[in-house]
Amino acid sequence: MRELVLYDTMTKAKRAFVPIDAKKIRMYVCGPTVYDFAHIGNARPIIVFDVLFRLLRHLYGEAHVTYVRNITDIDDKINARAAERGVSIRTLTEETAKQFHADIAALGVLPPTHEPRATDHIAEMIAMIERLIRANAAYAAEGHVLFNVEAKADYGRLARRSLDEMIAGARVDVAPFKRNPMDFVLWKPSDDKTPGWESPWGRGRPGWHIECSAMGEALLGETFDIHGGGIDLVFPHHENEIAQSECAHGGAPLANYWMHNGFLQVEGQKMSKSLGNFVTIHDALKDWPGEVLRFNMLRSHYRQPIDWTERGLKESETILGRLEDRASGAEKASVAAPVLDALLDDMNTPQAIAELHQEKDEGALAASLAFLGFASDKTKNDKRLPAGTDEAAIEAMVAARFAARKAKDFKEADRLRAELEAMGVILKDGPEGTTWELKR
RNA sequence: GGCCACGUGGCGGAGUGGUUACGCAACGGUCUGCAAAACCGUGUACCCCGGUUCAAUUCCGGGCGUGGCCUCCA
């Protein structure tokens, strides 16, 4: 078997994956901020890193891979939404997290090993901030605590930007208490109406980046193998995570491999609420089986941009349906070697899918589909029947037509077929009888 | 303005310094009471302009286009 090769954003190159400890593979992926329905763009890293999680478990054994994906449940967008709705942030985040879990489960995503919530780790964040102050990498000013980017000689390395460039490019007014314009907030004060926690710097709340540093350290240690997320997180979030963690850890690297998935557009345009093309996972699941959404996502390489289109989804449904048809009923064998090889090459899922088409052995095909997270043949007839019909009624009509056809009453048979077609049901006559499925 | 990605046949989408990607759709055929499905067959692409090379879609430079990011807050 070939070795696993991953593209590392830090070095901008594919590198052989060498684990720190093959018995303890550790991966951290930035999870959602839970204040509203997750959209289809949020689903991309969830699905992409789910494939990586499955691959790592396959290579190193299920017991030897730890996958942490956090839930951000303290954030100013959360505060604003909770205040708007007049509920506590806990109520809002619990509700949203629950919805998130339901959505991604439908996408065939395995639960991560740990799913820490920021508010459960405030103490660790405060402790880390204190360490940063002691290490002269952070300072308190006017109720805030700021990270001093000058404490990190290679700040900007991940994003490949120098401090000078960033300062020159800054478009926003700089808070007067900052020592360097690029200094970022570790802790900020909360007024009486804003959620807050007691700290050495008064009642306040954490900045955005510190939670991932604190939770990563708590669950995975100072240095772990893989850190992942969307490419939009490279700067500032991951850059700042690195700065915080490495300064708190005496320079030990935060992660050995940095992986970022590409962005997603909808029908050729950027997804935004104002354009009205904002697709939530929840809404997409009303129109398509979760497996089709997953397949559509994996038809593009994770680092490539992806254009999310109706046409593409239809095509995905057709392709996946055919693959699952071929695999259905087969005893699962082992994952096809070419499929695995494609995944080992920086998770080349389009190549893996191409290999699926070439796979002649149905057992290997079934196993490969399952390995990629397509666990069933539920894609078709996903119980999304037209309003006012039910499965029993359709079955009865199908049977009636079959009888008519057998009696060579083709006129009646065609009439029934036309009627079924009007309901969106397509018939398939085979030697064993007639099967049906829903057309789209 | 700065930094960074991407641009492949009707569509989706890998990959490669010189050989068929693959799939969807389309078209032709087999099969079928008629269909659908399935199966067989057909198609020859790499944004533009230079450069390097015996040879570039594939390496280098420039251009154009699309997208992402550019401290807290937005």
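In what follows, every chain begins at residue 1, and chains take the letters A, B, ... in the order their sequences are listed.
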Taking the six-membered ring for Trp, is the centroid-to-centroid distance between A:H144 and A:W187 below 6.0 Å?
-> no

Can you tell me if the side-chain N/O atoms of A:R322 get under 4.0 Å from OP1 or OP2 in B:A38?
-> yes

Nearest listed nucleotide, side chain of A:D232, among B:G33, B:A21, B:G68 | B:G68

5'-most by nearest nucleotide on RNA chain B - A:L427 or A:S300 = A:S300

When rounded to whole Å, the NE2 to C1' distance for the pair A:H238 and B:C4 reads 16 Å

Answer yes or no: are there more than 12 heavy-atom neighbours, outside A:Y35 itself, under 6.0 Å from its atom OH?
-> no

Select one nucleotide: of B:C22, B:G12, B:C73, the one nearest the side-chain heavy atoms of A:D76.
-> B:C73

Nucleotide B:A21, atom P - distance to CD of A:E359 in whole Å | 22 Å

Any N/O donor-acceptor pair, A:Q304 side-chain to B:G13 base, under 3.5 Å = no

Just call it for A:H144: base, sugar-phosphate, or nothing, with non-hydrogen atoms closer than 4.0 Å on any strand.
-> nothing

Indicate, with a heavy-atom threshold strictly under 4.0 Å, whether A:Q358 touches base, sugar-phosphate, or nothing.
-> sugar-phosphate

Mind checking the P distance from B:U58 to B:G18? Whole angstroms is fine.
-> 11 Å

Can you measure from CG (A:N261) to CE (A:M347) and round to the nearest 0.5 angstrom?
-> 9.0 Å

Give A:I319 one of three labels, base, sugar-phosphate or nothing, depending on what nucleic acid heavy atoms sit under 4.0 Å from its own.
-> sugar-phosphate

Could you tell me the separation between the CE atom of A:M182 and the P atom of B:C73, rounded to a whole number of Å?
-> 14 Å

Pairwise P distance, B:C4 and B:G12 [rounded to whole Å] | 28 Å

Could you tell me whether the phosphate oxygens of B:C24, OP1 or OP2, come under 4.0 Å of any side-chain nitrogen or oxygen in A:K314?
-> no

With a non-hydrogen cut-off below 4.0 angstrom, is A:R311 in contact with a base, only sugar-phosphate, or nothing?
-> base

Identified pairing partner of B:G1, criterion: Watson-Crick or G-U wobble below 3.5 Å = B:C70

Which part of the nucleic acid does A:R161 contact within heavy-atom distance under 4.0 Å: base, sugar-phosphate only, or nothing?
-> base

Distance between the C1' atoms of B:U52 and B:U66, in whole angstroms?
-> 29 Å

Establish, with yes or no, whether the OP1 or OP2 oxygen of B:C24 is under 4.0 angstrom from a side-chain nitrogen or oxygen of A:T318.
-> no

Could you check whether A:P181 gets within reach of a base, just the sugar-phosphate, or nothing at all, counting any heavy atom under 4.0 Å?
-> base

Do A:H357 and A:L323 have side chains that get closer than 4.5 Å, going by heavy atoms?
-> yes

Starting at the 5' end of RNA chain B, which residue's closest nucleotide do you reach first, A:I353 or A:D345?
-> A:D345

Give a yes/no verdict on a cation-pi contact between A:R69 and A:Y28, requiring under 6.0 Å between NZ or CZ and the six-membered ring centre and an angle within 45° of the axis.
-> no

Do we get A:R161 above A:F235's six-membered ring, with its NZ or CZ under 6.0 Å from the centre and within 45° of the axis?
-> yes

Looking at every strand, decide which applies to A:R401 at a 4.0 Å heavy-atom threshold: base, sugar-phosphate, or nothing.
-> base

Examine the base of B:G33 for any acceptor or donor lying under 3.5 Å from a partner atom in the side chain of A:D414, and report the outcome as yes or no.
-> yes

Ignoring backbone atoms, test whether A:K270 places a side-chain nitrogen or oxygen under 4.0 Å from the OP1 or OP2 oxygen of B:U66.
-> no

What about A:R417: does its side chain form a donor-acceptor pair under 3.5 Å with the base of B:C34?
-> yes

Can you figure out which of B:C69, B:G67, B:C6 approaches the side chain of A:F235 most closely?
-> B:C69

When the P atoms of B:A55 and B:G50 are considered, how many whole Å apart are they?
-> 15 Å

What does A:K12 touch in the nucleic acid at a heavy-atom separation under 4.0 angstrom: a base, only the sugar-phosphate, or nothing?
-> sugar-phosphate

Closer than 4.0 Å, any side-chain N/O of A:K188 to the OP1 or OP2 of B:C73?
-> yes

Does A:H209 have its ring centroid less than 6.0 Å away from the ring centroid of A:H238?
-> no

